[in-house]
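Counting starts at 1 for both ligands and their atoms, following the listed order.
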Amino acid sequence: MSQATKEAGLWTAVKELPGNFWSSIFRNPLPSSDLERASTSFTNFFLHIHPVKVHRNTLRPIYTLGLGLISFFLFLILMVTGILLMFYYVPSTTQAYDRMLDLRGSVAFGTFLRNMHRWSAHGMVAVVFLHMCRVFLTGAYKKPREFNWVLGVGLLLVTLFLSFTGYLLPWDQLAFWAITVGTSIAGYAPLVGQQIKFLLLGDATVGQEALLRFYVLHVAVLPATLMLLIGVHFWRIRKDGGLSRPEEPANLAVRVTAVPVEKAVEEKKRTYGLVGFVRGPFTKIGNIPDNSVYSWPNLLMAELFVFVLTVAAILTLSLLFHAPLEEPVNVMHPPNPAKAPWYFLGLQEMVSYSAFWGGIGIPTVFVLLLLLAPYLDRNPRGVGRWFARERLLANTIFITLVVVKVIFIVIGAFFRGPNWSFVSPW
Ligand code: HEM
């Protein structure tokens with residue numbers, strides 16, 4: 001081969017390098033046919049968690065409200081900001097608070113980073129709880145999704161504990177006394193209460209041992225547990241046949257093939273109350289008979305939309321509001337009243353009536369009822385619709401419990417003053 005031919009070959013290889021590199025990662029061109037859409041979902045590592053097609057109901061924003069996805073994206077934001085915070089933080093009672101001040105005073109974007117982490121954590125507790133309410137009120141916990149609901153209850157508990165363990169780390173007055181109150185509630189458990197408290201604190205009171213334990217739980221044990229549970233939760237969604245949806249009207253599948261497509265579309269619209277969003281430019285009429293659409297790009301675009309919205313909300317909150325940092329810990333000066341984190345204020349309020357029943361008895365019964373709900377509620381009707389009439393009793397009980405819980409939190413947050421006496425917030 002002549003020198004000139006060799007050089008031309010090399011030049012062509014260099015020119016084609018970007019394209020060849022790209023296609024070695026992404027084996028499919030941008031999909032333009034149904035076959036390519038399908039293959040994009042299962043040949044991409046990040047996308048293959050998606051099924052090739054999803055039922056249209058899955059994409060109705062008004063059905064899921066995107067709450068499960070928002071929970072997941074908040075967790076991702078927490079992981080990223082948490083890892084960055086770990087570069088500066090030291091879990092030592094003599095250094096932790098100073099590191100918080102450093103973050104505020106001398107680390108570029110340190111305050112902003114901490115704000116993002118703090119607001120995402122609060123947001124995640126609230127959104128996971130709301131997601132659970134959505135799942136209950138649409139009857140989505142019923143067969144075959146009972147076990148995914150049980151996993152969900154585990155996710156809720158781990159999320160609460162993750163947020164609680166993080167609360168101590170700044171080592172300021174707010175952190176110290178909130179955790180002192182929180183862990184003393186655990187001490188009310190009969191027989192094993194004090195042992196559980198000691199296991200958590202590594203000592204009789206909140207101190208260096210507790211800070212180290214909370215740190216290890218917060219940065220390693222609980223995030224790893226949550227990741228595992230989320231992985232199984234997502235896997236189960238697929239194995240359970242995708243998200244819940246209303247029962248198909250009888251014989252619809254048969255009639256769809258017999259009636260003109262446009263008429264079938266109208267009928268589906270009446271059944272599912274389809275919103276325009278779902279029928280974007282990518283949604284093909286050919287997908288109508290089995291009521292599904294290709295995950296690429298329909299589901300992907302919806303997910304991207306929720307992701308951008310979540311990030312934008314956290315960025316805005318973090319620009320507008322600073323995460324609190326009070327005075328450094330002073331074990332001789334408890335604030336009066338010393339309050340638990342807001343999501344445990346309902347517990348603290350109940351504890352003020354009865355230490356055992358408020359702190360242990362009722363919460364245990366509540367968690368057991370949550371875990372058993374799909375096995376106790378055998379009524380198969382009313383799945384896939386908000387507030388279905390067939391589920392009036394179950395929904396009424398659930399809403400009542402949620403309202404009572406919220407009332408207790410509001411009382412604890414705004415109506416309790418020194419020595420836990422009633423005060424007016426106005
Ligand atoms: C870290 C916490 C959680 C994450 C990241 C998460 C994520 C998700 C996502 C992305 C979905 C599908 C879309 C959606 O419904 O928004 C989903 C569905 C589901 N989740 Fe969760 N979830 C969490 C906690 C929970 C909790 C606390 C429960 C209930 C106690 C729960 C029970 C379910 C069930 C049963 C489904 C299927 C719903 C259906 O088929 O309509 N999840 N979850």
Task: Option set Leu243, Leu229, Val306, criterion heavy-atom distance to atom 13 (C) of ligand 1, minimum - done: Leu243
- [ ] Considering only non-hydrogen protein atoms, determine which one is nearest to atom 4 (C) of ligand 1 and report residue, atom name and distance to 0.1 Å.
- [x] Ser71 CB, 3.9 Å
TODO: Please state whether the rings of Tyr343 and Tyr167 are parallel, tilted or perpendicular, taking 30° and 60° as the class boundaries.
DONE: perpendicular
Open item on the list: For Tyr89 and Tyr215, I'd like to know if the aromatic rings sit close, meaning centre-to-centre distance below 6.0 Å.
Closed with: yes
TODO: On the 0 to 90° scale, with breaks at 30° and 60°, tag the Phe26-Trp22 ring pair as parallel, tilted or perpendicular.
DONE: tilted
Task: Nearest-option assignment for atom 39 (C) of ligand 1, heavy atoms, candidates Pro374, Gly241, Ser244 - done: Ser244
Open item on the list: Does Glu327 have more than 12 heavy atoms from other residues, nucleotides or ligands lying within 6.0 Å of its CD?
Closed with: no
Open item on the list: Taking 4.0 Å as the limit for heavy-atom contacts, which would you say applies to Phe234 with ligand 1: side chain only, backbone only, both, or neither?
Closed with: side chain
TODO: Indicate whether the side chain of His50 and that of Trp296 have a donor and an acceptor atom separated by less than 3.5 Å.
DONE: no
TODO: Consider every N or O of Arg145 and every N or O of ligand 1, then say whether any pair is closer than 3.5 Å.
DONE: yes
Open item on the list: Is there a polar contact, in the sense of an N or O pair closer than 3.5 Å, between Arg134 and ligand 1?
Closed with: yes
- [ ] Would you mind finding which of Gly68, Gly66, Gly154 brings a heavy atom closest to atom 7 (C) of ligand 1?
- [x] Gly68
Task: Short side-chain donor-acceptor distance under 3.5 Å, Ser244 and Tyr141 - done: no
TODO: Give the residue and atom name of whichever protein heavy atom lies nearest to atom 36 (C) of ligand 1, and the separation in Å to one decimal.
DONE: Val135 CG2, 4.2 Å
Task: Cation-pi geometry met for Arg391 and Phe136 (6.0 Å, 45°) - done: yes
TODO: Can you tell me, to 10 degrees, how wide the angle at atom 21 (Fe) of ligand 1 is between NE2 on His131 and NE2 on His233?
DONE: 170°
Open item on the list: Taking the side chain as everything from C-beta on, heavy atoms only, tell me whether Ser295 gets closer than 4.5 Å to Leu47.
Closed with: no
Task: Sub-4.0 Å heavy-atom approach of Phe75 to ligand 1 - done: no
Task: The one among Ile230, Val125, Leu155 that brings a heavy atom closest to atom 3 (C) of ligand 1 - done: Leu155
Task: Heavy atom of the protein closest to atom 27 (C) of ligand 1 (residue, atom name, distance) - done: Gly152 O, 2.9 Å
Open item on the list: Heavy-atom pairs closer than 4.0 Å: do any link ligand 1 to the side chain of Ile237, the backbone, both, or neither?
Closed with: side chain
